[in-house]
Amino acid sequence: MKLQLALDLVNIPEAKEVVNEVQEHVDIVEIGTPVVINEGLRAVKEIKEAFPSLQVLADLKIMDAGAYEVMKASEAGADIITVLGATDDATIKGAVEEAKKQGTQILVDMINVKDLEQRAYEVDALGVDYICVHTGYDLQAAGENPFEQLQAIKRVVKNAKTAVAGGIKLDTLPEVIQSQPDLVIVGGGITGQEDKKAVATQMQRLIKQETFA
Ligand SMILES: O=C(CO)[C@H](O)[C@H](O)COP(=O)(O)O
């Protein structure tokens, strides 16, 4: 089980500062969609150059032109690129083929997918690397979380790794871990804390305990 730090509400210098603080305690750094909108793929490039030992995920949430956008993100240094599960199979297939050429990976974000188990089953057959359940900020504000959705995709996904994102905090991490995702994605649960390093350290400890139990 791996831990991904999601950076959404920062510029590039602030992103570097946060990663610098927690780098020993996370496996993957996500350049969030708002950061890509504000700073472009330069943010991916600069973080990868500054922290070459960490994997970098570009949260592009691709909906069309899968191959082209995966090519551009891969060239910028991304190791993993996100595509939306709500899009059509052709876009996901194009993304997967291009990622294979580039030596990168595809994470499919299932945000707002209605028939979750059916779509997860279909997406799993397209050769993607990760399938991620995700409660976005707007539904988190309405009190929703992705925990039951994680259990639902675990029932049908046989090939891809499973991931979970959306408002995970130190106190809810044990519940998430119980469902055994391969990847736990945490944004505000780390970046919104006074002592980010201490929280990331505790999260890593919980994840490692479970991984090696
Ligand atoms: O992709 C995202 C928002 O669309 C976030 O990166 C993801 O939800 C994780 O952040 P948080 O833990 O703060 O919810």
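Along the sequence shown, residues carry numbers from 1.
- Here Glu175 contributes atom CD and Leu150 contributes atom CG; the two are 10.0 Å apart, rounded to the nearest 0.5 Å.
- For Lys48, the NZ atom sits in a packed shell: over 12 heavy atoms of surrounding residues, nucleotides or ligands are nearer than 6.0 Å.
- A search for side chain to side chain contact (heavy atoms under 4.5 Å, CB included) contacts involving Asn159 returns Asp124, not counting sequence neighbours.
- Residues passing the salt bridge (Lys or Arg N to Asp or Glu O under 4.0 Å) test with Lys61, sequence neighbours excluded: Asp59.
- At a threshold of 4.5 Å between non-hydrogen side-chain atoms, the residues His134 and Met110 do not count as touching.
- Taking CZ from Arg155 and CD from Glu117, the interatomic distance works out to 4.5 Å, rounded to the nearest 0.5 Å.
- Around NZ of Lys169, the count of heavy atoms belonging to other residues, nucleotides or ligands within 6.0 Å exceeds 12.
- In terms of heavy-atom proximity, His25 sits nearest to Gln204 at ND1-OE1, 2.9 Å.
- The side chain to side chain contact (heavy atoms under 4.5 Å, CB included) test applied to Asn11 returns Pro13, Glu14, Glu39, not counting sequence neighbours.
- When the side chains of ILVMFWY residues are joined at heavy-atom separations under 4.5 Å, either directly or via intervening members, Val18 and Leu9 end up in two distinct hydrophobic clusters.
- Its side chain outside the 4.5 Å cluster rule for every partner, Ile12 clusters with none of the Ile, Leu, Val, Met, Phe, Trp and Tyr residues.
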What verdict does the side chain to side chain contact (heavy atoms under 4.5 Å, CB included) test give for Leu60 and Thr33, after you've listed the backbone C-alpha separation in whole Å, the side-chain angles of each residue and the deciding distance to 0.1 Å? CA-CA 6 Å; Leu60 301 193; Thr33 319; over 6 Å; no
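- When side chains are defined from C-beta on, Val26 does not count as touching Val19, because their heavy atoms never get closer than 4.5 Å.
- The CG atom of Asp109 lies 5.5 Å from the SG atom of Cys132; values are rounded to the nearest 0.5 Å.
- Atoms CE and OG1, from Met63 and Thr82 in turn, are 12.0 Å apart once rounded to the nearest 0.5 Å.
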List the steps and the verdict of side chain to side chain contact (heavy atoms under 4.5 Å, CB included) for Thr104 and Asp79. CA-CA 5 Å; Thr104 53; Asp79 300 288; 5.5 Å; no
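- Summarising the geometry, atom OG belonging to Ser74 is positioned 10.5 Å from atom CD belonging to Gln105; distances are rounded to the nearest 0.5 Å.
- A chain of hydrophobic side-chain contacts below 4.5 Å, direct or via other Ile, Leu, Val, Met, Phe, Trp or Tyr residues, connects Val70 to Leu126.
- Between Gln149 and Ile153, every side-chain heavy-atom pair lies at or beyond the 4.5 Å cut-off.
- In this structure, the side chains of Phe147 and Thr172 come closer than 4.5 Å at one or more pairs of heavy atoms.
- Clustering ILVMFWY residues whenever any of their side-chain heavy atoms sit less than 4.5 angstrom apart, transitively, puts Ile190 in the very cluster that holds Ile177.
- Heavy atoms only, all atoms of each residue included: Asp27 and Lys2 are closest at OD2-CA, 3.3 Å.
- Residues Ile47 and Ala15 come closest through the heavy atom pair CD1-CB, 3.9 Å.
- When the salt bridge (Lys or Arg N to Asp or Glu O under 4.0 Å) test is applied to Asp195, no partner is found at least two apart in sequence or on another chain.
- Sequence neighbours left out, not one pair with a member in residues 127-139 passes salt bridge (charged side-chain N to carboxylate O under 4.0 Å, His left out).
- Ion pairing between a basic and an acidic side chain is recognised when a charged N comes within 4.0 Å of a carboxylate O; Glu122 and Arg119 show such pairing.
- Gln140 is not listed as a side-chain neighbour of Asn145, based on a closest heavy-atom distance of 4.5 Å or more.
- Contact detail for Ala6 and Thr191: the closest heavy-atom pair is O-CG2, 3.9 Å.
- Applying the salt bridge (Lys or Arg N to Asp or Glu O under 4.0 Å) criterion to Glu148, with sequence neighbours excluded, gives no partner residue.
- Membership of the apolar cluster around Ile185 extends to Ile28, Leu57, Ile80, Leu107, Tyr130, Leu183, as traced through chained side-chain contacts below 4.5 Å between ILVMFWY residues.
- For Leu139, the side chain to side chain contact (heavy atoms under 4.5 Å, CB included) criterion is met by Thr135, Glu144, not counting sequence neighbours.
- In terms of heavy-atom proximity, Gly188 sits nearest to Gln193 at O-NE2, 3.5 Å.
- Judged by distance alone, with hydrogens and angles left aside, the side-chain atoms of Asp182 form no donor-acceptor pair with the main-chain N or O of Met1 at under 3.5 Å.
- Scanning both residues, Gly166 and Pro146, for their nearest heavy atoms gives O-CD, 3.5 Å.
- In the hydrophobic clustering of this structure, Ile111 does not group with Val83; members are Ile, Leu, Val, Met, Phe, Trp, Tyr whose side-chain heavy atoms approach within less than 4.5 Å, directly or through other members.
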Below 3.5 Å, can you tabulate the donor-acceptor pairs from side chains in residues 92-101 to any protein atom, sequence neighbours excluded?
| residue | atom | partner | partner atom | Å |
| --- | --- | --- | --- | --- |
| Glu98 | OE2 | Gln102 | NE2 | 2.8 |

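- Counting only heavy atoms from C-beta outward, the side chains of Asp8 and Tyr137 approach each other to under 4.5 Å.
- With sequence neighbours excluded, the residues forming a salt bridge (Lys or Arg N to Asp or Glu O under 4.0 Å) with Glu46 are Lys16, Arg42, listed by chain and number.
- A 4.5 Å side-chain heavy-atom check between Glu24 and Lys197 finds at least one atom pair inside the cut-off.
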Is there a side chain to side chain contact (heavy atoms under 4.5 Å, CB included) between Leu84 and Val108 once you walk through the steps? CA-CA 5 Å; Leu84 292 178; Val108 171; over 6 Å; no
Audit row: Leu7, Leu5, side chain to side chain contact (heavy atoms under 4.5 Å, CB included) steps and yes/no: CA-CA 6 Å; Leu7 297 170; Leu5 167 71; 3.9 Å; yes
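- Evaluation of the side chain to side chain contact (heavy atoms under 4.5 Å, CB included) rule for Asn112 yields Lys114 as partners, not counting sequence neighbours.
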Please test Glu75 against Lys72 for salt bridge (charged side-chain N to carboxylate O under 4.0 Å, His left out), starting from the C-alpha separation and ending with a verdict. CA-CA 5 Å; Glu75 285 172 359; Lys72 288 296 168 192; 3.6 Å; yes
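- Clustering ILVMFWY residues whenever any of their side-chain heavy atoms sit less than 4.5 angstrom apart, transitively, puts Leu54 in the very cluster that holds Ile31.
- Put simply, CG on Leu173 and CE on Met203 are 5.5 Å apart, with the number rounded to the nearest 0.5 Å.
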